[in-house]
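Here is the naming used below: chain letters follow the sequence lines, and residue numbers restart at 1 for every chain. In this text the structure is predicted, and so the values were computed from the model without any measurement.
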Amino acid sequence: MTATLPPSGSSAFELLHPKVQRWIWQQDWPELRAAQEAAAAPVLAGETDVLVAAATASGKTEAAFLPICSALTADPPQTGGFAAIYISPLKALINDQYGRLDELCEHLDIPVARWHGDVGAGAKSKLVDRPRGILLITPESLEAMFVLRGWKMHDLVGALRYVVIDEMHSFMGTERGAQLQSLMHRLDLAARRRVPRVGLSATLGDMRAAADFLRPGSGDKVAVIVSNADGQELQLQIRGYVDIQPSLPTLDGSGDKEAEPQTGEEDSGDRFAIADHLFTTLRGSHNLIFANSRAAVEEYTDLLSRRCDQAGVPSEFVPHHGNLSKDIREHAESRLKDRARPVTAVCTSTLEMGIDIGSVSSIAQVGAPPGVAALRQRLGRSGRRGGPAILRVYISEPELSATLHPAEELRAQLVQTIATIELLLQRWYEPPHGKALHLSTLVQQTLSLIAQHGGITPNDAYRALCAQGPFRLVDAATFAALLRDLGKATLIRQETDGLLLHGDAGEKLVNHYTFYAAFAAPTEYRIVNGGRTLGSLPIEQSLPEGALLIFAGRRWRVLAIDTRAKVVEVARASGGRPPRFIGAGPEVHDRIRTEMRRIYQESAIPIYLDATAQHLLEQGRAAYRRFGLRSNPTVGYGNDTLLFPFCGDVIMTTIALALHTRGVSVARQGLALTLSGISPQTTADLLGELSEADLPTATDLARLIPDKRIDKYDEVIGEELLALSFAARRLDVPGARNVITRLTEQTTLARFA
DNA sequence: GACCTGCTGCGGATTG
């Protein structure tokens, strides 16, 4: 074997155990990757927490496990219990890592075990009887372990030396992330020690926030390793399209019966043009097409499959989204791994994360990307080592007409896309929301602690979860109020000695397996064809018998619906339309809207726009000038006024509520707030009043929202706490004040113009 | 809120 000499002169390599060195040698690696080099010493020392941020496929997992395995080999555990726990957001990722890790650990006599929902109960009880080595687990399975085997936790994790978090960025700012932080803290409590944590993450804008997520309260002591070795070349293009079809009603219009079977003769319009370009450009190589919704995935897979049929070539386009069954998704994944036969997957964010599918030739994005960080992740999938990453974005805007809404004349989709790309080039990414209280997850964790210990005092619960745990933004009074709400809902009750126990409802909740997940999921119907499950659709979907449907990239007719078993039986058909998955859009960050304003006011045309996109941008800028938005944010529209504040969605909601307190009915539509029956002059006066008076508090504004239940256990939380929670996460009064001041200045000066 | 993610233990049938 002609092995290139491994990492000689590499100080990290010298630190590793000889057996690990031998394994690296056998891998034939030319050198250790930057992240692996930098992480070795601090992980080996085992004294600090370590955060490794690097691009996908940069050897992050090895950066953690080469030194961890070295430490475990050099100093083998003397007692039972897991030596390291690796927590991953995906079962598929655990299975991937298990294959890779097991191979390394075989040489080292370190047992590796996986534990998630697809692992049998027998294997689990064996592990509990003989806990050893490295455990790969999901947050939900770890939660189940605390609930069902609380009394054994010290035996299981008493000897724990490391906790590893994979894809840490995917947890940050979410309920599941708050659960993960709580679980990590409860591991420390069960081990009765501070167990070193290793976080593996994509590169983020604010590494300090990430470090603080990994070790709440002590983020400054985390060793942060950022591998910025992504000098990768980016080739990108935004392609503009004009939608000449009259825009169809998308939200309402449940009159599905008139769904006309598409004959294929009306192949015109923007979607067809986009499909044509995708077909001719991507066929013959491996690619990913990110459509922004499951409905769009279905529609484009269908359009592209028909192109293949018409051309008499085998279908090269496969769908991939969260409602498709496991075997359909795994089929797409294995086709992607098979380099011999070209395939392009049309997908939602399902293929953003680190499941091993190999790298693809190019990325297509249909519609505005949902954010800068998401676009960065998607790009990471493209480009073999050393090769450029290729991105094509397809943006469609409606044809200009007399009836077009001003917001559409501004070509907001296109401008938002340009803003997102400009920020990506500046390496800015959306930070996670740090101010959420995560009360829903605090409910879950309180109930879980009671299960683990067979009861707990309010003081101990507060100390474990809030004072020293991750729910630091919750003060004692708020926690007490939460406990009272839980008592009212009979989730908990209190013994005379003060001990908290489960109440009747709590007992039921905790003893059902759905308790372990911190996030809510809608009930869904299973879609079945001849005994084979194709996937599922949310229950809100009303599908009358005989309705036509496009699903899993094919056309179907609904034969029968079993409402009790929640099953929809379908047969192949020739017509159909994609299912509607209802909803609004992702939250747009303030920085993106600020960037959009800059783009409107500039005249430079980015070089990555094609001719149509350039033309659309000019139209958008012309509309911006015509409305005079540079100096006046209001536009009269019939009896209404449109207000364009150019700020993030959180601030827009806050301004809308503040206007609401003045008796104005306000609606939010993308870039604009619509003030019904109010003139631009009155709007200017209202803004002036708001800027002079004190704005209501965020909590007062939140009280105006009739239904604030969003997260899984919000149902049992009382109005007051829901208002507090909504205010913390979804409103920004100081931000709104700044924007209102700016808007007032503009409208005041505009009057003299 | 576009999108995404996850969970138990047992009964019963099948196979070696």
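With sequence neighbours excluded, no residue satisfies salt bridge (charged side-chain N to carboxylate O under 4.0 Å, His left out) with A:Arg335.
Side-chain atoms of A:Ser362 and A:Asn287 include a donor-acceptor pair closer than 3.5 Å. With no hydrogens or angles considered, no side-chain donor-acceptor pair links A:Arg294 and A:His321 at under 3.5 Å. If you check the side chains of A:Asp166 and A:Ser88, you find no donor sitting under 3.5 Å from an acceptor.
For A:Ile705 and B:dG1, the CD1 to P distance is 11 Å, given to the nearest whole Å. Atoms CD (A:Glu587) and P (B:dG1) sit 11 Å apart, rounded to a whole Å. In this entry the distance linking CD of A:Glu298 with P of B:dA2 reads 17 Å, nearest Å.
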Which side-chain N or O atoms in residues 445-453 of chain A pair as donor and acceptor under 3.5 Å with protein atoms at least two apart or in another chain?
unit_1	atom_1	unit_2	atom_2	d
A:Gln445	OE1	A:Ser182	OG	2.7
A:Gln445	OE1	A:Arg186	NH1	2.7
A:Gln445	NE2	A:Glu143	OE1	2.7
A:Thr446	OG1	A:Leu442	O	2.7
A:Ser448	OG	A:Glu143	OE2	2.6
A:Ser448	OG	A:Arg186	NH1	3.1
A:Ser448	OG	A:Arg186	NH2	2.9
A:Gln452	OE1	A:Arg186	NE	3.4
A:Gln452	OE1	A:Arg186	NH2	2.9

All N/O pairs under 3.5 Å across the protein-nucleotides 4-11 of chain B interface:
unit_1	atom_1	unit_2	atom_2	d
B:dC4	OP1	A:Gly322	N	2.5
B:dC4	OP1	A:Thr348	OG1	2.9
B:dC4	OP2	A:Arg294	NE	3.4
B:dC4	OP2	A:Arg294	NH1	3.0
B:dT5	OP1	A:Arg329	NH2	2.3
B:dT5	O3'	A:Pro89	O	3.4
B:dT5	O2	A:Arg176	NH1	3.3
B:dG6	OP1	A:Lys91	N	2.6
B:dG6	O3'	A:Thr138	OG1	3.4
B:dC7	OP1	A:Gly117	N	2.9
B:dC7	OP1	A:Thr138	OG1	2.8
B:dC7	OP1	A:Ser141	OG	2.8
B:dC7	OP2	A:Gly117	N	3.1
B:dC7	O2	A:Tyr513	O	2.6
B:dC7	O2	A:Thr514	N	3.3
B:dT8	OP1	A:Lys124	NZ	3.2
B:dT8	OP2	A:Lys124	NZ	3.3

